[in-house]
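Every chain is numbered from 1 and lettered A, B, ... according to where its sequence line falls, protein lines coming before strand lines.
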Amino acid sequence: MGTLRIIATSGLIRGLIGQAIGAALGFGFVTLIRLGMGLESNPEPGAVFGALTSVIGFLAGAGVLTDWSKWALGKETPLRHGPQPGKPEWARYLHVDYNHKVIGIQYAVTSVLVLLVGGIFAITFRIELSLPGMQFLTYEQYNTLFSGHGIVMIASILLGVGAMVNYLVPLMIGASDMAFPRLNAFSYWVSVPAAVLILTGMAIGGWDTGWVAYPPLSLIAPLGVQLFVLGFFVNGFSSIAGSINLLITVATMRAKGMSLFKMPIFVWAAVAAALIQATATQTVGMALLMVVTQRVIGLNFFDPATGGDPVLYQHLFWFYSHPVVYVFVLPGLGVISELLPVFSRKPLFGYRWIALSSLGIALVGFLVWAHHMFVAGVDNTLRVFFMYATMFVAVPTGVKFFSWVATMWEGKLSFETPMLFVLGAISVFLIGGVTGPILGNIPTDMHLHDSYWVVGHFHATMFGGFVFPFFAALYYWYPKFSGRMYKESLGKLHFWLMTPGFWLMSLGQMQIGLLGMRRRVADYDPSLGYDTTHVVITVAGLIIGWSVLIMAYNLISSARSQPLAGNNPWNSRSPEWQISSPPPEFNYDVPFEVVGEPYDYGLAGSVYIRMDPSSSGE
Amino acid sequence: MSAVTNAHDHQEAHNGHELPYSAQLRNNRMALWLFCFSEIFMFGALLSARFVLWGNARPELSQVVGLITTTVLLLSSFFMNRAESAIAHDDRKTFLSGLLMTAFLGLLFFIGVVVLEWNIFGLKLELFGVEWFGHLKPTDGVLGGVFFAMTGLHAIHVFSGIVLILIVWNNGRRGHFSAEKHWGIEATAIYWHYVDIVWVFFYPALYLIGKVG
């Protein structure tokens, strides 16, 4: 079969065709009914219903629902595994595949692609902002671009978290796969039509509410807001199904002897993040559905004229959307804790404290949401409570920083690209961390609310907590999933472009925020004196963008040209490095047994796992 | 680039990859309960919206209709339980009839909500001094909005529960499931009871708490 033919008949393409058919059927159905009832012409109800049917169309077309439909009809289906019959190995990645490693890579590739799309949006409006006045965008286009940047990047981060968690956790705990392989495939594939909905929303009118979709603005925004909200909603299925799957996997499928405090530390972070995803996602889903139904059916929740309360939306929205930033950063911080001992050749300092601090961050994260609403007219007692709760987040986060520094202390540090990104992550997350309490404080927040200070702080936490560790993870596990080593020189170039670029961008944003630059505005007055800084931020943003392209080139080209990396190039103790690269279809030919502590690097004679019960281990 | 090494086909012989039934069953149970726990947050969000937006007020609804639909739904849980314990004792006749009865009562509840309370056909009937068809509209301010959202979200769950029941009934009729292996029925039963219990919280919040305003 030719390459083109394989792509054209792949699950992805069949899914996209199914999505188009589903959208057309749903839209046509509602529009015909409305015509029959003699209602005035309004494309919105049809678009909403069509969006929902389009997701079903995608899933059916891609083949995600095949096994489940057969079960409903009483047929047993064996779990299909291995490459697609009669097709090359790479075709697996375009099809519904149930192997957690394939799904992890599907997540990773989609995440980086979506990251590039979101980056293009950012660079487009950054160029617009480099000069006062409007250059080449209209206000509407600007609003759509920054709103799209927000939600697309969040989708990318969730996909990146899914990539790390799916690929690594079963390998790390010694499982052959996730507990529910079909549900795992569903979790990945349902996020594809969700991304399509969001991008379609940008194309058909866009929207101007940012990624938060606050009513009343979202109630009067253009049609695009509906598709964005529904895309956001559908993505929630991915989060909930994926997190439930992960929690069960970790709970029941750990290797012999792997008690909770002997798991690799990344697994703790993944569990903490999954606890948030499995619960809080439901409330934002409800909030988004309320916006959809208020717009389409006229159910009133948010219009004060008939008793509604727009602040209710903010409560429901931030009950998810604050904890979800910990879904983004916890796996990232887990990667930092995972990699530091390897590159310091020293035990991880305070394993138990690190493990519990992840849970601590997740739990405290549920009690701080109203700090986003200090200026929304929230009751004073509530505000004071949320201020103190917010400050409290610094305690478990501080535990992590302390442990990182203590782990590196007097270690034999080596500075390969993953380690550089880990150190970059710590530096950037520190910038994000120390600028946070200023926003958590009510009086200073009232001054800085909706300013570029917030933009700088948020991007520093996201880059330090997710983007840098994610890139570190891509480089670090690249030899494991591709079998080959990336190009170290290009990796270093990526790091030395991106890190100073990011410091410049983030600190520049905070500076103009202090001077009074508002978020989410397309234009500013040149007499305010920050037009030079805007140019600097734009240039820094371009540097970051180019550095990410260098990474993409590195990862793609190294898969063919670079020498084989061997099974354990980093000399790690973690189980996934003790087997071949790439790992076998079912991970471990013989189940291993945990016989020691995971991070005793440098301690003579210490053993973490015994691969073969008959031999003495490593 | 490939995530997995190919040279392990010999593995498949002794590693069927699928978990043994008992391990899979344990995972299934945990996952279903976790899903129920997760959904608490969605129903809870809507329930708190009711208390934020309505406070001490509630819409004017027919208490008789509310009581009848609630009774019907709670009764259905009895038959669901009967069906589940019947298959555990290999009593296929009681099992199948119990499922059908559950689906029937569930359908009655669904009709009670959609046709009577929502009154989607715009009917009017007064009998025994009771107005059988509701007059609250979705657009009637927050009272209508929250009422339709709560009953609607719950009705979607009831409807999906009925579909699940009919699926396991159809498979049970054709001889699937046994006293030892009937996870499909167990899952449907847990889901059905769960949806019932949600209504136990929704019913007082909609019909009983507060003053008609």
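Residue contact with chain A, scored on non-hydrogen atoms closer than 4.5 Å, involves the side chain of B:Leu153 exclusively. For a residue to count as touching a neighbouring chain, one of its non-hydrogen atoms must lie under 4.5 Å from one of that chain's; by this rule B:Phe35 touches chain A with backbone and side chain alike. Residue A:Phe302: no heavy atom, backbone or side chain, is found under 4.5 Å from chain B. Residue contact with chain A, scored on non-hydrogen atoms closer than 4.5 Å, involves the side chain of B:Val52 exclusively. With a threshold of 4.5 angstrom between heavy atoms, A:Ile244 approaches chain B through its backbone and through its side chain. Residue A:Tyr320: no heavy atom, backbone or side chain, is found under 4.5 Å from chain B. When heavy atoms are compared at a cutoff of 4.5 Å, A:Ile556 does not approach chain B at all. In this structure, the portions of B:Asn28 lying under 4.5 Å from any heavy atom of chain A include both its backbone and its side chain.
Nearest heavy-atom pair across A:Ala72 and B:Ile167 is O-CG2, 3.3 Å. A:Phe301 and B:Ala149 get closest at one heavy-atom pair: CZ-CB, 3.6 Å. Annotation for A:Leu73 and B:Asn171: closest pair C-OD1, 3.5 Å, computed over non-hydrogen atoms. Closest heavy-atom contact between B:Met30 and A:Ala251: CE-CB, 3.6 Å. Nearest heavy atom pair, residue B:Gly141 against residue A:Thr306, reads CA-CB, 3.7 Å. Shortest non-hydrogen contact noted between A:Met290 and B:Ala49 is CE-CB, 3.6 Å.
Among residues at least two apart or in separate chains, side chain to side chain donor-acceptor pair (under 3.5 Å) pairs with a member in residues 282-292 of chain A are A:Gln282-B:Ser38.
Summarising the geometry, atom CD1 belonging to A:Ile297 is positioned 9.5 Å from atom CZ belonging to B:Phe148; distances are rounded to the nearest 0.5 Å. A distance of 8.0 Å separates CE in B:Met42 from CD1 in A:Ile240, rounded to the nearest 0.5 Å.
Under a cut-off of 6.0 angstrom, the local environment of CZ in B:Arg174 is crowded, with over 12 non-hydrogen atoms contributed by other residues, nucleotides or ligands. Atom CZ of B:Arg92 sits in a crowded spot, with more than 12 heavy atoms from other residues, nucleotides or ligands closer than 6.0 Å. The number of heavy-atom neighbours closer than 6.0 Å to CZ of A:Phe237, taken from other residues, nucleotides and ligands shown, is 12 or below. The environment of B:Phe37 atom CZ is sparse: at most 12 non-hydrogen atoms of other residues, nucleotides or ligands sit within 6.0 angstrom. A 6.0 Å sphere centred on CZ of B:Phe104 holds no more than 12 heavy atoms belonging to other residues, nucleotides or ligands. The environment of B:Phe51 atom CZ is dense: over 12 non-hydrogen atoms of other residues, nucleotides or ligands sit within 6.0 angstrom. Within 6.0 Å of CH2 on B:Trp33 lie no more than 12 heavy atoms contributed by other residues, nucleotides or ligands.
Looking at B:Arg26 and A:Ile248, their side chains never come closer than 4.5 Å, going by heavy atoms from C-beta outward. Contact of the A:Thr281 side chain with the B:Phe41 side chain is not registered, since no non-hydrogen atoms from C-beta on lie closer than 4.5 Å. Side-chain contact between A:Met253 and B:Leu19: present, with at least one pair of heavy atoms (C-beta onward) separated by less than 4.5 Å.
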Compile the donor-acceptor pairs under 3.5 Å between side chains in residues 105-114 of chain B and protein atoms, sequence neighbours left out, one pair per line.
none

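Between the side chain of B:Asn27 and the main chain of A:Thr249, no donor-acceptor pair closer than 3.5 Å is present.
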